A.B. asks: 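Sharing a structure, written as structure tokens. Questions coming.
Keep in mind the model is a prediction, meaning the values are calculated, not measured. Each chain gets a letter, A, B and so on, in the order the sequences are listed, and its residues count up from 1. All heavy atoms count here, side chains included; hydrogens, waters and symmetry mates do not.
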There are 4 protein chains.
Amino acid sequence: MKQPLHRRQPTSSNPRVQRTRNRVLAIARELLPEVGAGGLTYALLAERASVTRQTLYRHWPTRAALLFDLILEGPDLGTYPEPGSDVRAVATAWLKSLRAGVSVPAMRTAVLTVTAQADHDPDSAQALVRIGEDRHAALNNLLEPAGVRISDDEYTLLYGPVLARLFLDRGPVTDAFIDAVVSQWLTTLHPGSAVGSHM
Amino acid sequence: MKQPLHRRQPTSSNPRVQRTRNRVLAIARELLPEVGAGGLTYALLAERASVTRQTLYRHWPTRAALLFDLILEGPDLGTYPEPGSDVRAVATAWLKSLRAGVSVPAMRTAVLTVTAQADHDPDSAQALVRIGEDRHAALNNLLEPAGVRISDDEYTLLYGPVLARLFLDRGPVTDAFIDAVVSQWLTTLHPGSAVGSHM
Amino acid sequence: MKQPLHRRQPTSSNPRVQRTRNRVLAIARELLPEVGAGGLTYALLAERASVTRQTLYRHWPTRAALLFDLILEGPDLGTYPEPGSDVRAVATAWLKSLRAGVSVPAMRTAVLTVTAQADHDPDSAQALVRIGEDRHAALNNLLEPAGVRISDDEYTLLYGPVLARLFLDRGPVTDAFIDAVVSQWLTTLHPGSAVGSHM
Amino acid sequence: MKQPLHRRQPTSSNPRVQRTRNRVLAIARELLPEVGAGGLTYALLAERASVTRQTLYRHWPTRAALLFDLILEGPDLGTYPEPGSDVRAVATAWLKSLRAGVSVPAMRTAVLTVTAQADHDPDSAQALVRIGEDRHAALNNLLEPAGVRISDDEYTLLYGPVLARLFLDRGPVTDAFIDAVVSQWLTTLHPGSAVGSHM
DNA sequence: TTATAAACGAGACGGTACGTCTTGTCTTATG
DNA sequence: CATAAGACAAGACGTACCGTCTCGTTTATAA
């Protein structure tokens, strides 16, 4: 709640800084699923990472900042599938990569926590939107060979059911479910566009 | 983190208890959007509701319990639309009622918070599932005149995009978006079933 | 610290009142050495005595009042030795009865607690003085056959070492110690008085 | 009742720590006679000393620990009289110094409270015994020039009446009373020893 | 190579909240 | 209608974490 004083963060070029930062993030990723977002206190994290609380504050003045780093430097966030001209195949692969991403416990917790905070923390809200836009752009990138661009609404129509199943229904996202999502999604996608050529 | 001792809650039949309980819930609903879930401390709530912290603990041993009550006794959760035989119309109306419900700030925050907690709090997880099932059942109820029953997957396909737009994209759910969702949704709904009769 | 409102105490003539009162006092006597004066809360006492806290407040508006009763209705406070004309014998017997009295754990704790409170609680101070005077008077009574009256100073010279040994040194009061006290005490007692006639 | 976790106390070498510690002890000494031992809550003390409760717990994990410090670092506890070869004079002076010490209100209350606790708190019991032994040793020290050593029993015979008068009779310890105590005490002290040479 | 700057460890401190306990009063329902 | 059960306000308890602030000590880069 309280806005901490923003001292300058450690110079990232310094190798010592890098070492500390990476060790802490790794420990945080281990800890997060264990204790939950609420339980990931700086006190605990400092102890586990053999670091002073002060050091944590130097690197991440806000706990939200730490969560952002956890999300953005996610372990396999970069593992997007290959682009292709088959829209159905690309969309399916992209959804599966999304499913894989949010199956990493630390990522799950971090995303949910940021989401819950977004209503009252502009930084979190902005980060959330930015993450969404990144993934949206990535999808469009993958679909470039197919000559298709996805609008905001279409994007949400595609990923919405998957995340709802994971976060809200708290059930598994089966391949069959993904297929159903994609099939339905294709029906309204660019009606009368190039998509039809693949059917 | 710590499991608080579960003493028996105040007898709900007692009018004094009811008075206290309702006043606190009302204040909590006002406070939640102001200060966020993290800022809704028992200390603050007690002060604003002119009540002792002890009293809060008596009524809601866990802060999650308070959130459940906030969700379940939501201000207008019962305002479901009318049943009908036109599947498109019913689905659209139901989605709009969902949108209305989640637009109440206190409800928004409460739901998001419970969702974020669900990974590490079995009670929250269970509550979340139960809420989903209730709404699912309600939808099926509305669709009974149409002779249609919605499966779990179909249910998620319907509401998923709407909540994703609200919570993750953090954008407005327009009527057009709802129409798009419903249109897409109808295509795969019970292929060859009674739905076709309305097209 | 807070002076509770003085509602009227239960009529002591009522046999039911007597029963309750005695049961509570008995339980308190058991409890006192177990949990200490600080641990003898009304909540605990009420639970153990199967009585409502209200009832305790009705009988003893102040915890000091309860302690007074514990001291004054001590189990064997009345067991003074026989009067006699041999000053040494009477004094020795009286000291031994004193030793016996404060060896009862509940009595010990109660007396020490009242003593510690006396500096800031006039009631306790007064009660303490009164108890001392009673015992002083009792001693003089025992010594009447010997034709001796003990002054305040002489009284303190007699019992002081014994209680100091018990409470401050926290050591045992042996018969030898009592003999030493009495011997020393006799030397300055009424120099040249009737005491000499017994030597 | 509950044994608080014994974290390590603040490093006494740190000057800031010393400052805090001394300020708190000074305020506690002022407060003790005002509010009594029961009223000397950490909450009150913290407020008066402009310190957080947490700071108090860091320095004195137990309230008993605070009382010990109050007693041991008493304002003028070290002001023993001069040694000498005149036993009567030394004993008298020593008793007067005892009287002076226990007349400091904070010391009075602290000693009485620790005494009352000693029955159920081993730490208090041990501290009490240690304080007694210290004073006993000091007395023997003063009497060294006189070639006299006081046994435990003799020690109690000397100081017992004085403290009994102060704490139990709650009366003043006059010079005359001290003279009476010493006179009586000398009669049985080392019968046939060097003491006689001073008569 | 030595400065010099930065990161870091250690830990005291003021705050705030936690979940619990006891106290004294007051309300409600019941027998 | 008196009495129990127990809700309530008040406030202390001992603990935890937060964010800040010294202090020294190490580590890395620059002179």
A.B. asks: Any base atoms under 4.0 Å from D/Arg21, or only sugar-phosphate, or nothing? Heavy atoms, all strands.
C.D. replies: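 Touches nothing.
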A.B. asks: Atom CG of D/Asn14 to atom P of E/dG11: distance rounded to whole Å?
C.D. replies: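 Whole-Å distance recorded here is 11 Å.
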A.B. asks: Starting at CG of C/Leu56 and ending at C1' of E/dG24, how long is that distance when rounded to a whole Å?
C.D. replies: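 My rounded result for the distance is 12 Å.
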A.B. asks: Does the side chain of D/Thr20 get closer than 4.0 angstrom to OP1 or OP2 of E/dA12 through an N or O atom?
C.D. replies: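 Indeed not, no polar side-chain atom of D/Thr20 lies that close.
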A.B. asks: Rounding to a whole Å, what distance do you find between D/Leu66:CG and F/dG14:P?
C.D. replies: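 Taking CG of D/Leu66 and P of F/dG14, I get 12 Å after rounding.
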A.B. asks: Do the side-chain N or O atoms of B/Thr55 get closer than 4.0 angstrom to the phosphate oxygens (OP1, OP2) of F/dA9?
C.D. replies: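 Yes, within the criterion.
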A.B. asks: Between A/Leu44 and A/Arg19, which is nearer to the 5' end of DNA chain F once each is assigned its nearest nucleotide?
C.D. replies: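 Here A/Leu44 is the residue nearer the 5' end.
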A.B. asks: What integer distance in Å separates B/Gln54:CD from F/dG11:C1'?
C.D. replies: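 The answer, rounded to whole Å, is 11 Å.
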A.B. asks: Drop me the distance from D/Arg29's CZ to D/Met107's CE, to the nearest 0.5 angstrom.
C.D. replies: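 Answer rounded to 0.5 Å: 7.5 Å.
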A.B. asks: Of the options E/dG9, F/dA28, E/dT28, whose atoms approach the side-chain atoms of B/Arg16 most closely?
C.D. replies: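 The answer is E/dT28, which lies nearest to the side chain.
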A.B. asks: Output yes when a side-chain donor or acceptor of D/Thr62 lies under 3.5 Å from a complementary backbone atom of D/Ala65, and no otherwise.
C.D. replies: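 Here the side-chain-to-backbone pair does not exist.
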A.B. asks: Can you find a side-chain donor-acceptor pair between B/Arg58 and B/Thr55 that sits under 3.5 Å?
C.D. replies: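 Judged by distance alone, the side chains do pair up.
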A.B. asks: Can you tell me which nucleotide in F/dC18, F/dA7, E/dT23 comes closest to the side chain of C/Tyr42?
C.D. replies: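 Between F/dC18, F/dA7, E/dT23, the one nearest the side chain of C/Tyr42 would be E/dT23.
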A.B. asks: Which residue in the set D/Asp119, D/Thr115, D/Asp121 passes side-chain contact (heavy atoms from CB on, under 4.5 Å) when paired with D/Gln117?
C.D. replies: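 Checked D/Asp119, D/Thr115, D/Asp121 against D/Gln117; only one passes side-chain contact (heavy atoms from CB on, under 4.5 Å): D/Asp121.
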A.B. asks: What is the distance from atom CG of C/Leu32 to atom CG of C/Leu25, rounded to the nearest 0.5 Å?
C.D. replies: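 The CG atom of C/Leu32 sits 11.0 Å away from the CG atom of C/Leu25.
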A.B. asks: Heavy atoms from C-beta onward define the side chain here; which of F/dT20, E/dC13, E/dT28 lies closest to that of A/Tyr57?
C.D. replies: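 Output: F/dT20.
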A.B. asks: Which part of the nucleic acid does D/Arg63 contact within heavy-atom distance under 4.0 Å: base, sugar-phosphate only, or nothing?
C.D. replies: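 Sugar-phosphate only.
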A.B. asks: With distance as the sole test, does C/Thr41 use its side chain to make a donor-acceptor pair with the main-chain N or O of C/Leu44 at under 3.5 Å?
C.D. replies: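 Pair found, side chain donor or acceptor close to backbone of C/Leu44.
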A.B. asks: What is the distance, rounded to the nearest whole Å, between atom CZ of C/Arg58 and atom P of F/dA4?
C.D. replies: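 In whole Å, F/dA4 P and C/Arg58 CZ are 6 Å from each other.
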A.B. asks: Rounded to the nearest 0.5 Å, what separates atom CD1 in C/Ile131 from atom CD in C/Gln126?
C.D. replies: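 Those atoms lie 11.0 Å apart.
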A.B. asks: Would you say a side-chain N or O of A/His59 is under 4.0 Å from OP1 or OP2 of E/dC8?
C.D. replies: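 For E/dC8, OP1/OP2 do have a side-chain N/O of A/His59 under 4.0 Å.
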A.B. asks: Counting only non-hydrogen atoms, which of residues 45-53 of chain A are less than 4.0 Å from DNA chain E?
C.D. replies: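 Heavy-atom cutoff 4.0 Å gives A/Ser50, A/Val51, A/Thr52.
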A.B. asks: Among E/dT22, F/dA12, F/dC17, which nucleotide sits nearest the side chain of A/Thr41?
C.D. replies: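 Selected nucleotide (nearest to the side chain): F/dC17.
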